[in-house]
Amino acid sequence: MFYLKKLISTLILPPLSPLLLIVAGLLLLRRHPRTGKALTWGGLIAALLLVTPLSVAPLVRSLEGHFIPLDEAKLRQADAIVILGGGMRGYAPEFGGKTVNRLTLERLRYGARLARRTGLPVMVSGGSPRPSQKVAEAELMKAALEEDFRTPVKWTESRSRDTRENADFCAAALVPAGIRRIVLVTHAAHMQRSVEAFEHAGFQVLPAPTAYLAGPGGGDDTPMEMPSMNAAYAGWYAVHEWLGLLAYRLSR
């Protein structure tokens with residue numbers, strides 16, 4: 001079921017979904033010209049909208065707008081910091097084989113900052129998406145935190161493959177130990193789904209969002225007035241999160 005879900009998401013996420021619409025439209029042009037033209041133009045318009053800041057920004061803000069930057073004065077209310085993985089880089093010979101990808105690195109950097117300022121214990125969460133990958137994401141996260149950020153990791157959850165499992169497996173380790181109030185670190189666009197999953201698992205969540213995509217420059221220094229790679233990435237991320245949130249709510 002997990003791999004079927006991944007396959008379906010690949011087909012319906014950009015950039016493949018607009019391309020599939022265009023291909024379907026072109027194939028239908030001869031026998032069903034009206035339908036073919038509608039599908040072709042629909043795919044082209046969707047592809048353009050998903051790389052244009054004017055249309056991408058509202059989509060991203062609908063996810064990020066619920067979460068303002070963390071008020072660090074509230075950190076005293078928490079028992080631990082939980083950092084969610086965002087993926088790994090499979091080919092990193094300069095790091096000895098594999099390492100965390102840039103999404104995970106953004107989360108680790110902010111989590112390490114909070115840990116240094118508070119002294120709260122840290123948990124990292126992320127498994128191996130494929131059985132052939134012998135190293136779990138959480139193990140790479142732990143290595144990066146301890147070696148690169150000099151931040152100790154107390155708990156390593158290395159079985160989860162998605163956000164729901166992040167929450168459930170973290171709860172299995174922390175709740176029996178009396179740890180229910182957590183600082184949750186992940187991307188701002190991913191926070192809504194994460195908070196729902198972790199609250200459903202029994203936690204009191206203090207959101208610590210990072211790496212906003214809807215700010216000036218789309219989270220980077222590159223202007224976003226015209227279609228760009230930054231806007232395309234933000235559009236993909238927003239669609240991915242909305243589909244993930246819908247799937248989570250329907251299956252809960």
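In this structure, L21 shares a hydrophobic cluster with L28, L39, the cluster being traced through Ile, Leu, Val, Met, Phe, Trp and Tyr side chains under 4.5 angstrom apart. The hydrophobic cluster containing L27 also includes V23, under a criterion of side-chain heavy atoms closer than 4.5 Å among ILVMFWY residues, counted directly or through chains of members.
Grouping the Ile, Leu, Val, Met, Phe, Trp and Tyr side chains by contacts below 4.5 angstrom, directly or via other members, places L75 with V185. Placement of Y233 and L50 within a single hydrophobic cluster is found when ILVMFWY residues are connected by side-chain heavy-atom separations under 4.5 Å, directly or transitively. At a threshold of 4.5 Å between side-chain heavy atoms, the hydrophobic network of Ile, Leu, Val, Met, Phe, Trp and Tyr places L70 and M191 in two separate groups. L44 and V56 fall into different hydrophobic clusters, where Ile, Leu, Val, Met, Phe, Trp and Tyr are joined by side-chain heavy atoms under 4.5 Å apart, directly or via other members. Residue F67 is not grouped with residue V60 when hydrophobic side chains (ILVMFWY) are merged at heavy-atom distances under 4.5 angstrom, including chains of intermediate members.
If you check the side chains of E137 and T104, you find a donor sitting under 3.5 Å from an acceptor. No side-chain donor from either of S160 and E165 sits under 3.5 Å from a side-chain acceptor of the other. Between the side chains of S251 and R164, at least one donor N or O lies within less than 3.5 Å of an accepting N or O. A donor-acceptor contact closer than 3.5 angstrom links the side chains of S62 and W242.
Among pairs with a residue in residues 165-197, those fulfilling ring-ring contact (aromatic ring centres under 6.0 Å, His included) read H187-Y237, at least two apart in sequence or across chains.
In this structure, CZ on R193 lies 11.0 Å from CG on L246, to the nearest 0.5 angstrom. Taking CD of E199 as the start and CG of L184 as the end, the distance is 9.5 Å to the nearest 0.5 Å. Atom OG1 of T210 sits about 8.0 Å away from atom CZ of R109, to the nearest 0.5 Å. The CE atom of M141 sits 10.5 Å away from atom CG of L105, with the distance rounded to the nearest 0.5 Å. Note that CG of L108 is 10.0 Å distant from CG of L140, once rounded to the nearest 0.5 Å. Between atom CZ of residue R107 and atom CG of residue N101 there is a gap of 8.5 Å, rounded to the nearest 0.5 Å.
A donor-acceptor contact shorter than 3.5 Å is absent between the side chain of T52 and the backbone of L54. A donor-acceptor pair is defined here as one N or O able to donate and one able to accept, closer than 3.5 Å; no such pair exists between the side chain of E241 and the backbone of L63. The closest donor-acceptor contact from the side chain of E157 to the backbone of A138 lies at 3.5 Å or more, if one exists at all.
In this structure, H32 places its NE2 atom where only 12 or fewer heavy-atom neighbours from other residues, nucleotides or ligands lie under 6.0 Å away. The number of heavy-atom neighbours closer than 6.0 Å to CG of L250, taken from other residues, nucleotides and ligands shown, is above 12.
Among residues two or more places apart in sequence or in another chain, the salt bridge (Lys or Arg N to Asp or Glu O under 4.0 Å) test is passed with R30 by none.
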Side-chain donor-acceptor distances from residues 77-91 under 3.5 Å, at least two apart:
from, atom 1, to, atom 2, distance (Å)
D79, OD1, R181, NH2, 2.9
D79, OD2, R181, N, 3.2
D79, OD2, R181, NE, 3.3

Tell me which donor-acceptor pairs under 3.5 Å the side chains of residues 10-20 have, and how far apart each pair is, sequence neighbours excluded?
from, atom 1, to, atom 2, distance (Å)
T10, OG1, K6, O, 2.9
S17, OG, I12, O, 3.2
S17, OG, L13, O, 3.3

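Using a 30° and 60° split on the angle between ring planes, F203 and F198 fall in the tilted class, from 30° to 60°.
W155 pairs in a side-chain contact (heavy atoms from CB on, under 4.5 Å) with only one of the listed residues (V124, L174, V122), which is L174.
In plain terms, the two heavy atoms of M123 and C170 that are nearest each other are SD-SG, 3.7 Å.
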